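Read the structure below first, then the notes.
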Amino acid sequence: MGISIALTKGRLEEETVKILDKANFGTSELKNKGRKLVFKDDKEDIRYFLVKAADSITYVEHGVADIGVVGKDTLLESNHSCYEVMDLGLGKCKFIVASLPGRDLFNSIGHIKIGSKYPTVTKEFFKKKGMDVEIIKIEGSVELAPILGLCDGIVDIMETGTTLKENGLVVLEDICEISARLIVNKASFKLKQKEINCFLSRIKEHI
Ligand code: PRP
């Protein structure tokens with residue numbers, strides 16, 4: 001039985017294809033993709049789709065893809081029902097709380113506004129701290145929001161720290177580490193056990 005795999009396009013894509021390559025899967029279509037979004041493995045009965053991170057979870061949850069590659073950040077933000085089976089150890093970064101220097105958000109009195117692409121992660125983090133903050137959902141370039149006064153601080157991903165630094169923001173606290181994970185559809189895990197385990201064990205040898 002063939003399997004389908006939803007890959008997250010963008011930052012994780014190149015490193016994911018490298019692992020597939022090392023594990024000797026047929027990646028030539030993926031490496032010469034043009035604007036195509038569906039690819040056949042030229043060695044095995046595998047189909048790959050290239051999708052946005054959150055959609056990778058959606059395709060796996062609905063069983064359209066058996067396996068997905070997706071960042072832990074997106075998994076933490078979603079209320080998904082897939083099995084998270086492997087840490088690929090790539091796309092490493094972390095969730096942080098940041099603000100303009102000199103803003104002690106955790107000891108401020110009064111209304112605090114936090115901008116983030118990740119409202120669920122933000123809500124959980126401040127809830128654990130016993131803080132009731134207003135969360136403002138932002139789609140991108142989150143670092144801009146405190147500079148322009150839209151919010152007091154942000155919850156975002158930091159990889160190299162360059163974006164924060166170049167925009168004059170400082171880290172107030174680390175929330176958690178992030179990396180890319182393999183997720184599996186629950187029904188596929190039973191129905192295609194052999195194929196999925198074979199795929200997973202070959203990947204595991206190369207991470
Ligand atoms: C992410 C994140 C930060 C930046 C961090 O944004 O939201 O802005 O990368 O990376 P760094 O620590 O290496 O500078 P992304 O590039 O995905 O774009 P976006 O802001 O438009 O979402």
Side-chain angles (χ1 to χ4, degrees), residues 5-20 30-31 33 35 37 48-60 65 68-80 84 87-106 112-129 131 133-183 207:
I5 304 177
L7 306 177
T8 295
K9 61 180 175 187
R11 286 185 185 221
L12 291 179
E13 187 180 326
E14 201 179 319
E15 286 184 85
T16 307
V17 173
K18 267 189 207 159
I19 292 189
L20 290 169
L30 271 169
K31 284 189 286 197
K33 63 185 172 92
R35 299 289 295 169
L37 299 167
Y48 302 99
F49 316 130
L50 272 180
V51 293
K52 282 205 165 197
D55 295 338
S56 173
I57 301 174
T58 306
Y59 279 104
V60 175
V69 176
V70 64
K72 183 68 180 174
D73 54 329
T74 311
L75 288 167
L76 285 171
E77 188 62 23
S78 88
N79 183 22
H80 73 94
E84 187 182 316
D87 184 348
L88 292 175
L90 52 87
K92 284 188 179 174
C93 49
K94 57 188 173 184
F95 268 128
I96 50 89
V97 184
S99 73
L100 289 166
R103 293 270 183 98
D104 186 1
L105 295 183
F106 302 119
I112 297 277
K113 288 188 277 187
I114 304 292
S116 186
K117 282 188 273 189
Y118 301 89
T120 304
V121 171
T122 305
K123 192 173 164 198
E124 285 298 311
F125 174 78
F126 283 98
K127 196 172 145 200
K128 273 190 200 142
K129 287 208 169 280
M131 290 175 70
V133 300
E134 180 187 346
I135 298 164
I136 301 176
K137 173 86 193 299
I138 294 168
E139 295 298 333
S141 305
V142 180
E143 293 82 358
L144 194 58
I147 299 170
L148 299 184
L150 179 66
C151 54
D152 304 293
I154 58 169
V155 165
D156 200 18
I157 285 170
M158 180 179 94
E159 189 181 359
T160 61
T162 312
T163 314
L164 287 178
K165 201 169 159 209
E166 291 194 359
N167 290 288
L169 302 182
V170 292
V171 175
L172 299 180
E173 198 164 314
D174 289 354
I175 300 180
C176 66
E177 304 284 328
I178 296 164
S179 55
R181 309 294 160 103
L182 280 185
I183 54 169
I207 54 175

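Position 1 is the first residue of the sequence; numbering continues from there. Just follow the structure's listing: the first ligand is 1, and inside any ligand the first atom is 1. All values derive from a computational prediction rather than experimental measurement.
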Using a 3.5 Å distance criterion without hydrogens, assess whether the side chain of T8 forms a donor-acceptor pair with backbone atoms of V69. yes
In the structure I gave you, are the side-chain heavy atoms of E13 and K33 within less than 4.5 Å of one another anywhere? yes
Is E77 paired with K117 through a side-chain N to carboxylate O contact shorter than 4.0 Å? no
When distances are taken from atom 22 (O) of ligand 1, the protein heavy atom at minimum range is K117 NZ, 2.3 Å
Measuring from I135:CD1 to T122:OG1, what's the distance to the nearest 0.5 Å? 5.5 Å
Using a 4.5 Å cut-off on heavy atoms from C-beta on, say whether the side chain of V121 contacts that of D73. no
K165 to ligand 1, any heavy atom closer than 4.0 Å: no
Can you confirm, on distance only, whether ligand 1 has an N/O atom lying under 3.5 Å from any N/O atom belonging to T163? yes
Quick one: which ligand 1 atoms are inside 4.0 Å of a heavy atom on S141? 19 (P), 20 (O), 21 (O)
Among K94, R11, K92, whose side-chain hydrogen bond (donor to acceptor under 3.5 Å, both in side chains) with E159 holds? R11
Of the choices E159, R11, E143, which has the non-hydrogen atom that lies closest to atom 9 (O) of ligand 1? R11
Does any N or O of ligand 1 fall below 3.5 Å from an N or O anywhere on V142, backbone included? no
Which of the atoms in ligand 1, numbered in the order shown and given with their element, are less than 4.0 Å from a heavy-atom of T160? 11 (P), 12 (O), 13 (O), 14 (O)
As an exercise, identify every atom of ligand 1 less than 4.0 angstrom from a heavy atom of I157. 2 (C), 3 (C), 5 (C)
Note: ligand 1 atoms sitting under 4.0 Å from heavy atoms of M158 are 12 (O)
Option with minimal heavy-atom separation from atom 7 (O) of ligand 1, where the choices are T162, L164, D156: D156
Evaluate the ring planes of F125 and F106, with Trp represented by its six-membered ring, and classify them as parallel (under 30°), tilted (30 to 60°) or perpendicular (over 60°). perpendicular
